[in-house]
Amino acid sequence: MKVLERDFYARDPKTVAKQLLNKVILHGECAARLVEVEAYCGAIDPGSHAFRGKTPRNATMFGPAGGLYVYFTYGMHWCANAVCGDVDEGVAVLLRAAEPLLGLDSMRERRGRAALRDRDLCSGPAKLCQALALDRAFDGSDLVTGDRGVVIVDDGVRPPRRPGNSVRIGLRAGAEHPWRWFVDGSEHVSNLKLRPASRRPASS
DNA sequence: ACCGGGATGTTCT
DNA sequence: GAACATCCCGGTG
């Protein structure tokens with residue numbers, strides 16, 4: 001069990017994205033294994049918040065690698081990214097979905113419904129933030145030092161040898177870039193209706 | 001199962 | 001005014 005160091009993040013976001021699969025994000029009593037991520041590539045990427053330069057909202061993206069960029073969207077949702085690359089580069093990886101491991105009762109309570117299946121707790125970027133209690137207060141925190149209690153660790157489970165890959169979800173600008181990766185076959189990935197229906201009986 | 005639309009507010013044109 | 005890195009509910013088949 002090892003906290004990811006700054007060098008892990010200080011690389012190309014597409015590389016970091018694939019390497020983040022199967023890592024574990026920790027916050028308080030909660031833990032979840034990342035199963036879906038997207039790379040956002042700054043000045044060359046029309047889909048990135050950083051494409052048009054630094055603003056108060058996206059300032060964290062231009063900070064040091066290992067920062068946590070949390071932003072508000074659609075009037076009610078939070079989404080979290082791990083900042084990558086070099087300072088002022090504006091590149092990051094969106095944490096899109098995770099498999100809940102610990103603290104499922106807390107997650108279910110924050111997600112608002114008692115009868116949610118495990119796979120509904122963190123299967124989307126805003127669900128993940130809600131389940132893990134990430135909001136504006138965590139924007140600009142440091143995943144390396146864990147200054148506000150959030151870290152990402154390697155528990156020995158390696159990234160998939162061949163991850164699933166697709167275009168990113170929910171974008172207009174930059175929609176052509178295939179910069180989404182996921183753990184193929186995981187029931188905890190978002191947007192299951194976009195994938196071939198698995199008719200297998202669910203275990204959770 | 002699939003689809004359509006509403007919620008809700010910040011940011012940018 | 002429109003767009004937005006989303007989610008949930010209720011309709012229909």
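Every heavy atom of this structure was used, including side-chain atoms; hydrogens, water molecules and symmetry mates were not. Here is the naming used below: chain letters follow the sequence lines, and residue numbers restart at 1 for every chain.
Rounded to a whole Å, the CG atom of A/Leu171 is 12 Å from the C1' atom of C/dA3. Atom NZ in A/Lys54 sits about 18 Å away from atom C1' in B/dT11, given to the nearest Å. Rounded to a whole Å, the CZ atom of A/Arg110 is 18 Å from the C1' atom of C/dC7. Protein atom CD of A/Glu176 is 14 Å distant from nucleotide atom P of C/dA5, rounded to whole Å. Atoms CG (A/Asp135) and P (C/dT6) sit 18 Å apart, rounded to a whole Å. For the pair A/Leu116 CG and C/dC7 C1', the interatomic distance rounds to 12 Å; values are reported in whole Å. Summarising the geometry, the separation between OH on A/Tyr74 and C1' on C/dC8 is reported as 14 Å, rounded to the nearest angstrom. In this structure, A/Ile169 places its CD1 atom 9 Å from P of C/dC7, rounding to the nearest Å.
Close to C/dA5, at under 4.0 Å from its OP1 or OP2, lies a side-chain N or O of A/His49. Note on A/Arg111: a side-chain N or O is less than 4.0 Å away from OP1 or OP2 of C/dC8.
With both pairing distances under 3.5 Å, B/dT8 is matched to nothing as a Watson-Crick or G-U wobble pair. Pairing of C/dA5, defined by two Watson-Crick or G-U wobble distances under 3.5 Å, is not identified with any nucleotide.
Among the atoms of the strands shown, base atoms are found under 4.0 Å from some heavy atom of A/Gly47.
At a threshold of 4.5 Å between non-hydrogen side-chain atoms, the residues A/Leu134 and A/Trp78 do not count as touching. At a threshold of 4.5 Å between non-hydrogen side-chain atoms, the residues A/Val3 and A/Leu26 do not count as touching.
In terms of position on DNA chain C, the residue among A/Ala173 and A/Leu128 whose nearest nucleotide sits closer to the 5' end is A/Ala173. Nearest-nucleotide positions on DNA chain B place A/Met76 closer to the 5' end than the other of A/Arg52 and A/Met76.
Nearest nucleotide to the side chain of A/Phe72, out of B/dG9, C/dA3, C/dC7: B/dG9. The side chain of A/Lys127 sits closest to C/dC8 out of C/dT6, C/dC4, C/dC8. Nearest to the side chain of A/Thr55, among C/dA5, B/dC12, B/dG9, sits B/dC12.
There is a path of hydrophobic side-chain contacts, each under 4.5 Å, that joins A/Val150 to A/Leu20.
B/dG6 and C/dA2 have their P atoms separated by 15 Å, given to the nearest Å.
Note on A/Asp142 versus A/Arg6: salt bridge recorded, some NZ/NE/NH1/NH2 to OD/OE distance being below 4.0 Å. At a threshold of 4.0 Å, the pair A/Lys14-A/Asp45 does not count as salt-bridged, since none of the basic side-chain nitrogens sits closer than that to a carboxylate oxygen.
A donor N or O paired with an acceptor N or O is found under 3.5 Å between the base of C/dA5 and the side-chain atoms of A/Tyr71.
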